[in-house]
Structures are given as C-alpha cells and as structure tokens.
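Excluded from the calculations below are hydrogen atoms, water molecules and symmetry mates; all remaining heavy atoms, backbone and side chain alike, are included. The shown structure was predicted, so the numbers you read here are calculated from the model rather than taken from an experiment.
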2 protein chains.
Amino acid sequence: MAKFNIDIAKLELAASKLRAISHPMRIAIIELLSGDKHLSVTEIYKALEIEQATASHHLNILKSKGVLISKRDGKKIFYALRSNTLTEIIDCINRCNDN
Amino acid sequence: MAKFNIDIAKLELAASKLRAISHPMRIAIIELLSGDKHLSVTEIYKALEIEQATASHHLNILKSKGVLISKRDGKKIFYALRSNTLTEIIDCINRCNDN
DNA sequence: AATATATATAGATATATTTGTATTTTCACC
DNA sequence: GGTGAAAATACAAATATATCTATATATATT
C-alpha cells in the first residue's frame, strides 16, 4: 500500500475534462459563447475564422466532455455553454497571470 | 474587424496553463502536494511509482508554468504548490462529474 | 579529488492531437 | 425524389507530448 492512494480512473477523468478546455481555439469558443449565447456552427467558424470541419471537431470535443450542449433547429445546430462556471475557471486562470 | 476580437497570445497563455495541469500524472502530483506539502523528487517519484526522469519532466512543466515552486536543500530539491487555488480548481472539475 | 546520491537533460521511440481536404449525413424546400 | 445548405465524419499529414534509457550535472561526504 502506498502512502498515497492513486485512483487512475479519477485522474484520467479530471485530466480529460481539463484537456477539453486546454486549447486556444476551444477557449476562444468558450469565450465566444459566454453570456449564454447560442450560436450555430457556421456562426462560430466564421467568427473564429477557421475551417468548418475544424470547428465541428472542437465543438464535438467540448460537447462530449460536457462543456457544451447543442440543439438542432432546422438545418442549423446551435451550441451553448452547459454552465458558466467554465467561463469562470478560464477567467480565474487568466487572472493568475502573476508568474 | 470581426465581431469577436481574438487575442491569440492571451488564448495561448491560458491554454498552456491549463495544459500544464491537464495530465493524470501532473494532477496526481498536485494532489500529492496539496495541503502545503514540500516533497523531494525522490519522494514524489516513489509515491507515484514512476521513473525519476519522468517525474522530473512533469515537475519541470508544472514549475515552468508557475504551478509549482522548488527549493534546494542540500542534495535534494523540494517541490511545493505555489498556491492552493490550483487544488481548488481540480476539486471543482472533479465535483462537476454530473454529465 | 574520488565517490555516492539527487536531480536534470538528451535522444529515441511511441503515442496523441490538430488540421486540412474530401466525403457523407441530415434536414428543408421545391 | 432531387437539390442545396449546414454539420459531421473519415482519412492522411503535420505537429506535439510522453516515456524510456542513458548520460550529465550538482551537491555532500570522505
């Protein structure tokens, strides 16, 4: 028995969630959606000036990790933040720029 | 001018900090050091059952991103959390397991 | 200075992530 | 059913990360 009990599964889970938001483009998406905005994939990839497929890929990562939710309306699919605590975490990290 | 002003440098900075803690082993290190503990590299790599070089590598990443501080005492170098807000962030992420 | 211990670094390999291009699916409308 | 728009998926290439083994550096002790 180690002095420190390692729960690999728990660590992987926490890491995978953090990894989901550890990317400049995905942080940009989160910031873009902050303020309870609901935007379509087209609006998002045009605002961020990236390929449609790239946007779709990042949106999928964020959704699969529970950061975003999506709702179809006709041909469009609107993405939004599932909770704004995420925005707060990003803000917090940004504020810690004192190193 | 885009509707959304993108500050790449700021996004990269935030992402790089998040990436620093987005790894199971590095989260384990943070948890191991939480509670204001000061541990040597040897204590850390033995507790986590990883190679010395691997531990050194992760410790360096965490230190260079301002997560950890280190202080030499004789032959040993002790690492500690620079601030425990990091632990709080990890806790918060862990608590959000409701997806 | 020689030796032992603690940590860091280098280099190679393996693995994961990101991105672009092309294709496919889903839906609305005619 | 055919067509066009919106989004997702597949695949390949480029890039980044992680890990191992080996080696180097720093410090203390004799």
Side-chain angles (χ1 to χ4, degrees), chain A residues 6 8-9 11-30 32-33 37-81, chain B residues 6 8-9 11-30 32-33 37-81:
Chain A
I6 306 168
I8 308 279
L11 292 176
E12 291 281 5
L13 186 63
S16 88
K17 284 180 188 187
L18 278 168
R19 236 184 353 258
I21 59 172
S22 298
H23 188 280
M25 204 47 79
R26 296 199 286 268
I27 291 177
I29 291 172
I30 291 169
L32 184 61
L33 293 175
K37 286 200 267 295
H38 291 237
L39 303 181
S40 69
V41 177
T42 302
E43 288 172 314
I44 292 168
Y45 85 75
K46 287 190 174 166
L48 301 179
E49 297 171 17
I50 55 177
E51 294 291 322
Q52 179 269 320
T54 304
S56 198
H57 174 241
H58 288 306
L59 288 168
N60 184 264
I61 289 173
L62 289 170
K63 188 186 172 190
S64 72
K65 291 293 157 44
V67 178
L68 300 183
I69 53 172
S70 69
K71 201 167 72 120
R72 179 180 279 276
D73 181 9
K75 275 183 292 195
K76 296 181 182 175
I77 295 184
F78 290 87
Y79 281 86
L81 287 178
Chain B
I6 306 166
I8 308 281
L11 293 175
E12 291 281 4
L13 186 64
S16 87
K17 283 179 187 188
L18 279 168
R19 238 185 350 259
I21 60 173
S22 297
H23 188 279
M25 205 46 79
R26 295 199 285 269
I27 291 178
I29 290 173
I30 291 169
L32 184 60
L33 292 174
K37 286 201 267 297
H38 291 237
L39 302 181
S40 69
V41 178
T42 302
E43 289 172 313
I44 293 167
Y45 85 75
K46 286 188 175 164
L48 301 180
E49 297 170 19
I50 55 177
E51 293 292 322
Q52 178 269 319
T54 303
S56 199
H57 173 240
H58 288 306
L59 288 168
N60 185 264
I61 288 173
L62 289 170
K63 189 187 172 190
S64 72
K65 291 294 158 43
V67 178
L68 301 183
I69 52 172
S70 69
K71 200 166 72 121
R72 179 180 279 277
D73 181 6
K75 276 183 293 195
K76 296 179 180 175
I77 295 183
F78 290 87
Y79 281 85
L81 287 177

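Atom CG of A:Leu33 sits about 11.5 Å away from atom CZ of A:Phe78, to the nearest 0.5 Å. In this structure, CG in A:Leu13 is found 9.0 Å from NZ in A:Lys65, a value given to the nearest 0.5 Å. Taken from OG1 in B:Thr42 to NZ in B:Lys75, the straight-line distance is 10.0 Å, to the nearest 0.5 Å. Rounded to the nearest 0.5 Å, atoms CG (A:Leu39) and NZ (A:Lys46) are 13.0 Å apart. For the atom pair CG of A:Leu11 and OG of A:Ser16, the computed distance is 11.0 Å after rounding to the nearest 0.5 Å.
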Listing, residues 20-27 of chain A side-chain donor-acceptor contacts under 3.5 Å, not counting sequence neighbours, or none:
{"residue": "A:Ser22", "atom": "OG", "partner": "A:Leu18", "partner atom": "O", "Å": "2.6"}
{"residue": "A:Ser22", "atom": "OG", "partner": "B:Leu18", "partner atom": "O", "Å": "3.4"}
{"residue": "A:Ser22", "atom": "OG", "partner": "B:Arg19", "partner atom": "N", "Å": "3.4"}
{"residue": "A:Ser22", "atom": "OG", "partner": "B:Ser22", "partner atom": "OG", "Å": "2.6"}
{"residue": "A:His23", "atom": "ND1", "partner": "A:Met25", "partner atom": "N", "Å": "3.1"}
{"residue": "A:Arg26", "atom": "NE", "partner": "A:Ala20", "partner atom": "O", "Å": "2.6"}
{"residue": "A:Arg26", "atom": "NH1", "partner": "A:His58", "partner atom": "ND1", "Å": "3.0"}
{"residue": "A:Arg26", "atom": "NH2", "partner": "A:Arg19", "partner atom": "O", "Å": "3.1"}

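Taking the side chain as every heavy atom from C-beta outward, A:Thr54 and A:Leu48 never approach each other to under 4.5 Å.
In this structure, A:Phe78 reaches neither bases nor backbone, as no heavy-atom distance under 4.0 Å exists between it and the strands shown. Looking at heavy-atom distances under 4.0 Å, B:Tyr45 makes no contact with the nucleic acid at all.
Read 5' to 3', the first and last nucleotides of DNA chain C with an atom closer than 4.0 Å to a heavy atom of chain A are C:dT17 to C:dA28.
The side-chain hydrogen bond (donor to acceptor under 3.5 Å, both in side chains) check on B:Lys63 picks up B:Ser70, with sequence neighbours excluded.
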Can you tabulate the close N/O pairs, meaning under 3.5 Å, that link protein atoms to atoms of nucleotides 17-22 of chain D?
{"residue": "D:dT17", "atom": "OP1", "partner": "B:Arg19", "partner atom": "NE", "Å": "3.4"}
{"residue": "D:dA18", "atom": "OP1", "partner": "B:Arg26", "partner atom": "NH1", "Å": "3.4"}
{"residue": "D:dA18", "atom": "OP1", "partner": "B:Arg26", "partner atom": "NH2", "Å": "3.3"}
{"residue": "D:dA18", "atom": "OP2", "partner": "B:Arg26", "partner atom": "NH1", "Å": "3.4"}
{"residue": "D:dT19", "atom": "OP2", "partner": "B:His58", "partner atom": "NE2", "Å": "2.7"}
{"residue": "D:dC20", "atom": "OP2", "partner": "B:Thr54", "partner atom": "OG1", "Å": "3.1"}

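Of the residues A:Ile30, A:Ile29, A:Ile69, A:Leu62, the one that meets the side-chain contact (heavy atoms from CB on, under 4.5 Å) test with A:Leu81 is A:Ile30.
Taken residue by residue, residues 68-75 of chain B places heavy atoms nearer than 4.0 Å to DNA chain C at B:Lys75.
Taking the C1' atoms of five terminal pairs at each end of the helix from C:dA1-D:dT30 to C:dC30-D:dG1, the two resulting helix axes are inclined by 20°, rounded to 10°.
Computed from coordinates, the A:Lys63 NZ to D:dT9 C1' distance equals 14 Å when rounded to whole Å.
The two atoms that bring A:Glu51 and A:Tyr45 nearest to each other are O-CB, 4.0 Å, heavy atoms only.
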